[in-house]
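Reviewing the structure listed below.
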Number of protein chains: 2
Amino acid sequence: MLIGALLRVPARAIHRRLIRELNAAGFEELRLPHMAVLEFPGPDGARPGVLAERAGISKQAMNQLLRSLEEHGYIARSAAPNSGRARIIRFTSRGHAAYSKIQEVLREIEREWSAELGPKRFAQLKELLRVVWESPLTR
Amino acid sequence: MLIGALLRVPARAIHRRLIRELNAAGFEELRLPHMAVLEFPGPDGARPGVLAERAGISKQAMNQLLRSLEEHGYIARSAAPNSGRARIIRFTSRGHAAYSKIQEVLREIEREWSAELGPKRFAQLKELLRVVWESPLTR
DNA sequence: TAGCATAGTAAATTAACTTTACTATGAGAG
DNA sequence: CTCTCATAGTAAAGTTAATTTACTATGCTA
């Protein structure tokens, strides 16, 4: 089994479960594409262009996601201080609640994995992934 | 850092690199959605409905991907033996070549990761991911 | 053999992303 | 100072990809 499938399958399982549990928790408008905005480290305080780059989509596509999230009351696009053109994304309270829910589900998933692998091996797994993350490999 | 981001970011990096290198190697029609068909363990010998379930998309969506891949000469949809309605997907030689290219790129990525982490830690990482894979966690 | 479930397909619709195009701001050259 | 050019953000149009709806053909079983 090559590394592609080994990473892809669990990553996708987590993604789908997040959406499912968010929808069940009352955040019904959230679809998979919205996760590009909400996932770690979240949009709060960031600028649209930075979010687009993070997510690996165009600024225009990000703008559509942001507009959608704004219409549904998750975020606000406000003018940045000290700058005429820059914008800053801010969570509304609903946005904060959704983001907290995501964290909560992820922590629950971590508990489950930890139970399955044992705490020691789970910590090892996270540590190895962190090393990969911080290396130039993922850029 | 929670497990979601730790898995998602490298998985996406691999995904994008695969597309990039496939396109550069002459498989120019392949887009990201096609990967749902081509990624491990590949469509060869499988039935459309099974592929759809694997990829987590509807049978209809899978059918569109298969038609697109058929039009571009990667696969053939042939009637399954001993059954009137079932179909079997078969790689053409071009499809085989693309699939081999994917394997090749993945092995190159594994070499890079192995060099970065060291062979021992890389083997550990794969082993831990394999345990996760085989557990009920990813279903 | 009638009724029903399943596999596969297709058309229409909806959703999501890219391409193209524009405005406004800011930075630097002259 | 002001002209030019690069950058941030946005929007509309067009394209691509997905779902929803609907249908045919096959096979099972009551």
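Please read all numbers here as calculations on a predicted model, not as lab measurements. Per chain, numbering begins at 1; letters A, B, ... match sequence-line order. All values below come from the heavy atoms of this structure, side chains included, with hydrogens, waters and symmetry mates left out.
- What separates CG of L32(B) from P of dA16(C) is a distance of 16 Å, to the nearest Å.
- For L69(A) and dT10(D), the CG to C1' distance is 16 Å, given to the nearest whole Å.
- As rounded to whole Å, 12 Å separates atom C1' of dT16(D) from atom NE2 of H72(B).
- For N63(A) and dG9(D), the shortest distance from a side-chain N or O to OP1 or OP2 is not below 4.0 Å.
- Within a 6.0 Å sphere centred on CD of E53(B), heavy atoms belonging to other residues, nucleotides or ligands number 12 at most.
- Following rounding to the nearest Å, H34(A) (NE2) and dA18(D) (C1') show an atom-to-atom distance of 15 Å.
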Residues 58-65 of chain B, side-chain donor-acceptor partners within the protein, below 3.5 Å, at least two apart:
{"residue": "S58(B)", "atom": "OG", "partner": "A61(B)", "partner atom": "N", "Å": "3.1"}
{"residue": "N63(B)", "atom": "OD1", "partner": "R77(B)", "partner atom": "NH1", "Å": "3.0"}

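- Applying the salt bridge (Lys or Arg N to Asp or Glu O under 4.0 Å) test to every pair with at least one member in residues 116-129 of chain B, sequence neighbours left out, gives these pairs: E110(B)-K126(B), E127(B)-R130(B).
- E108(B) meets the salt bridge (charged side-chain N to carboxylate O under 4.0 Å, His left out) test with R111(B); sequence neighbours excluded.
- The distance from atom CD of Q103(A) to atom CG of L18(A), rounded to the nearest 0.5 Å, is 9.5 Å.
- Shown for residues 10-25 of chain A: no residue has heavy atoms falling under 4.0 angstrom of DNA chain C.
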Begin with the C-alpha distance, continue with both residues' side-chain angles, and end with the deciding distance and a verdict on side-chain contact (heavy atoms from CB on, under 4.5 Å) for I75(B) and D44(B). CA-CA 8 Å; I75(B) 60 155; D44(B) 201 52; over 6 Å; no
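- Listed by first then second residue, pairs satisfying salt bridge (Lys or Arg N to Asp or Glu O under 4.0 Å) with a partner in residues 10-21 of chain B read R17(B)-E21(B), R17(B)-E112(B), not counting sequence neighbours.
- Residues R67(B) and R31(A) each lie close to DNA chain C; by heavy-atom proximity, the contact nearer the 5' end of the strand is made by R67(B).
- Here the side chain of H15(A) pairs no donor or acceptor atom with the backbone of A11(A) at under 3.5 angstrom.
- Of the listed nucleotides (dG8(C), dT10(D), dG9(D)), dG8(C) has the atom at the smallest distance from the side chain of R47(B).
- The closest donor-acceptor contact from the side chain of R94(B) to the backbone of F27(B) lies at 3.5 Å or more, if one exists at all.
- Residues from residues 50-60 of chain A placing a heavy atom under 4.0 Å of any atom in DNA chain D, listed by number, are K59(A), Q60(A).
- The distance between atom CZ of R77(A) and atom P of dA24(C), rounded to the nearest whole Å, is 17 Å.
- Computed from coordinates, the Q64(A) CD to dT14(C) P distance equals 17 Å when rounded to whole Å.
- Which of dT10(D), dA16(C), dA18(D) sits closest to the side chain of P48(A) comes down to dT10(D).
- Going from atom CE of M62(B) over to atom P of dA10(C) covers 15 Å, rounded to whole Å.
- Between the CG atom of L66(B) and the P atom of dG8(C) there is a distance of 10 Å, given to the nearest Å.
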